[in-house]
Amino acid sequence: MAKNMNVKNVRSKIGIFDSGLGGLIIAKAIFSKLPKYSYVYLGDTKNLPYGEKSAKQIYSYTRRAVEFLFKQDCQLVIVACNTASALALRKIQTDFQQKKYPGHRVLGVVVPTLESIFRQPSFGSQIRTNWKTKIGVIGTKATIASHIYKKELVKINRGSKIYELATPNLVPLIESNSLQKAKISLELYLRVFQKKGIESLVLGCTHYPILKTSAKRIIGKSVTVISQDEIIPAKLASYLTRHPEIAGQLSKNGERIFRVTDIKPDFQKVASRLIGKKIKLRLVKI
């Protein structure tokens, strides 16, 4: 029996889930930081965009996606989608994963993103709870309507203020590979923050790091742009260091598997562009 368990443990992977192809940007950064582990990426392209869906729909899609990844031998799943993290993660963790898959783990991206603003490098992991700052957040309609960033900010730092802005045009434009149009749309959106005096801008969607350079140019040098591809890999590495019981069960053969729930003619091209090399997307039902 022990021998069989060891065989299963060697096969365990890290799952990365997103509502579409944008999470490949986060996946690419994770692969670079932690190349030895094996991964399964799942993009729910059939139901994209999540930002236009109800909370009930988002929970249903996310639960099915997480369970699919668990059944693909993923011991740990990163919910890279901000919308799913905002509207489904907590319930997935408490009502689904802990009860049905107690040996597995599901992590999100919102809290690590906010915490990165308030950490002082010279103080290690200490968070600046008394530091007051103004933060701008852009995301999908559902993410912004959930006010998840405001809710989590209160737990981290009560003295700071967040300005939230829904930017619904960006995801469809990025998914369709219309990056120039996305940059124009981003510039129009970010005008809202120019008189707010924000000191940080959170790109609150996994698709948005591809617009990071444009965001920095538009918002100006005085504003720090917080991009999740620069945060999540280090957070995952830290998590695995602090949880050797999880890390010890993960395969280290560097396997990369890419799955989507719908394939359109331009998806392969978009996916390869986001990940930085040619990859093969395979269609699955969840």
Side-chain angles (χ1 to χ4, degrees), residues 5 7-31 33-48 50 53 57-110 112 206 228 232-233 235-237 239-240 243 245-263 267 271 274-275 279-286:
M5 285 298 291
V7 170
K8 185 179 189 305
N9 289 343
V10 168
R11 294 174 56 224
S12 294
K13 306 175 183 70
I14 297 173
I16 302 173
F17 166 64
D18 188 56
S19 60
L21 300 177
L24 288 168
I25 303 170
I26 306 299
K28 178 184 177 181
I30 291 174
F31 297 165
K33 178 73 175 179
L34 300 166
K36 63 183 178 180
Y37 293 108
S38 297
Y39 300 88
V40 179
Y41 179 88
L42 175 62
D44 188 14
T45 47
K46 181 180 179 180
N47 296 305
L48 181 79
Y50 276 21
K53 304 294 192 298
Q57 287 175 309
I58 292 165
Y59 172 77
S60 177
Y61 298 151
T62 305
R63 183 192 60 75
R64 284 185 290 179
V66 168
E67 185 162 36
F68 171 85
L69 289 169
F70 284 164
K71 290 180 178 179
Q72 296 296 304
D73 295 314
C74 293
Q75 185 74 16
L76 170 67
V77 172
I78 309 298
V79 177
C81 175
N82 282 258
T83 302
S85 288
L87 294 166
L89 178 65
R90 192 62 57 85
K91 189 176 180 182
I92 291 288
Q93 291 171 327
T94 58
D95 294 353
F96 175 68
Q97 173 257 309
Q98 289 183 14
K99 294 177 181 178
K100 194 170 182 180
Y101 295 90
H104 295 63
R105 296 292 182 270
V106 185
L107 306 177
V109 294
V110 172
T206 47
Q228 291 172 334
I232 303 307
K235 285 289 186 176
L236 176 57
Y239 180 87
L240 293 175
H243 294 275
E245 75 282 5
I246 298 293
Q249 298 184 49
L250 298 175
S251 167
K252 297 179 177 64
N253 66 7
E255 186 178 12
R256 310 282 188 265
I257 299 170
F258 302 94
R259 301 285 186 258
V260 290
T261 55
D262 185 34
I263 294 181
F267 276 10
L274 294 177
I275 202 74
I279 61 172
K280 180 66 176 178
L281 299 175
R282 295 192 180 277
L283 183 66
V284 296
K285 291 183 179 181
I286 63 173

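Heavy atoms only: backbone and side chains are in, while hydrogens, waters and symmetry mates are out.
Of the possible polar contacts, none joining the Gln75 side chain to the Ser251 backbone as a donor-acceptor pair under 3.5 Å is found. A distance-only check finds a donor-acceptor pair linking the side chain of Thr261 to the backbone of Thr45 [under 3.5 Å].
A distance of 6.0 Å separates CZ in Phe267 from CG in Asp262, rounded to the nearest 0.5 Å. Ile232 contributes atom CD1, which lies 9.5 Å from atom CG of Leu107 (distance to the nearest 0.5 angstrom). His243 NE2 to Gln249 CD: the interatomic distance, rounded to the nearest 0.5 Å, is 13.0 Å. With rounding to the nearest 0.5 angstrom, the CD1 atom of Ile16 is 9.0 Å from the CD1 atom of Ile26. Taking CD of Gln72 as the reference point, atom OG of Ser38 lies at 13.0 Å (rounded to 0.5 Å).
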Check against side-chain contact (heavy atoms from CB on, under 4.5 Å), Ile92 and Val77
CA-CA 11 Å; Ile92 291 288; Val77 172; over 6 Å; no

Show, in sequence, the C-alpha distance, side-chain angles and deciding distance for Leu76 and Leu240, and conclude whether the side-chain contact (heavy atoms from CB on, under 4.5 Å) test is met.
CA-CA 10 Å; Leu76 170 67; Leu240 293 175; 4.0 Å; yes

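Side-chain atoms of Leu42 and Val284, non-hydrogen and from C-beta on, do get closer than 4.5 Å to each other. Proximity of Asn47 to Ser19: side-chain heavy atoms (C-beta onward) are nowhere separated by under 4.5 Å. Proximity of Phe31 to Ile275: side-chain heavy atoms (C-beta onward) are separated by under 4.5 Å at one or more points. Between Ile246 and Arg105, the closest side-chain pair of non-hydrogen atoms falls below 4.5 Å. Contact of the Lys36 side chain with the Leu34 side chain is not registered, since no non-hydrogen atoms from C-beta on lie closer than 4.5 Å. By the 4.5 Å heavy-atom criterion applied to side chains, Val66 and Tyr101 are not counted as neighbours.
Nearest heavy atoms, Gly23 versus Asp18: N-OD2, 3.0 Å. Nearest heavy-atom pair across Gln228 and Pro233 is O-CD, 4.0 Å. Between Ser85 and Gly108, the shortest heavy-atom distance links the atoms OG-CA, 3.6 Å. In terms of heavy-atom proximity, Leu281 sits nearest to Ala271 at CD1-CB, 3.8 Å. In terms of heavy atoms, Lys99 sits closest to Pro102 at O-CD, 4.2 Å. Heavy atoms only, all atoms of each residue included: Gln98 and Gln93 are closest at CG-O, 2.9 Å.
The ring of Phe258 has its center no closer than 6.0 angstrom to the ring center of Tyr39.
Lys28 is linked by a side-chain hydrogen bond (donor to acceptor under 3.5 Å, both in side chains) to nothing, counting only residues two or more places apart in sequence or in another chain. By the salt bridge (charged side-chain N to carboxylate O under 4.0 Å, His left out) test, Lys235 pairs with Glu115, sequence neighbours left out. Among residues two or more places apart in sequence or in another chain, the ring pair (Phe, Tyr, Trp, His ring centres under 6.0 Å) test is passed with Tyr37 by none. Under the side-chain contact (heavy atoms from CB on, under 4.5 Å) criterion, Ile257 pairs with Lys13, Val40, Glu255, Arg259, sequence neighbours left out. The side-chain hydrogen bond (donor to acceptor under 3.5 Å, both in side chains) test applied to Thr83 returns Thr140, Thr143, not counting sequence neighbours.
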Considering only distance and modelled atom types, tabulate donor-acceptor pairs under 3.5 Å from the side chains of residues 57-65, sequence neighbours left out.
{"residue": "Gln57", "atom": "OE1", "partner": "Ser54", "partner atom": "N", "Å": "3.0"}
{"residue": "Gln57", "atom": "OE1", "partner": "Ser54", "partner atom": "OG", "Å": "3.3"}
{"residue": "Thr62", "atom": "OG1", "partner": "Ile58", "partner atom": "O", "Å": "2.7"}
{"residue": "Arg63", "atom": "NH1", "partner": "Glu67", "partner atom": "OE1", "Å": "3.4"}

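Across Ile25, Leu24, Asn82, a single residue satisfies side chain to side chain contact (heavy atoms under 4.5 Å, CB included) together with Thr206, and that is Asn82.
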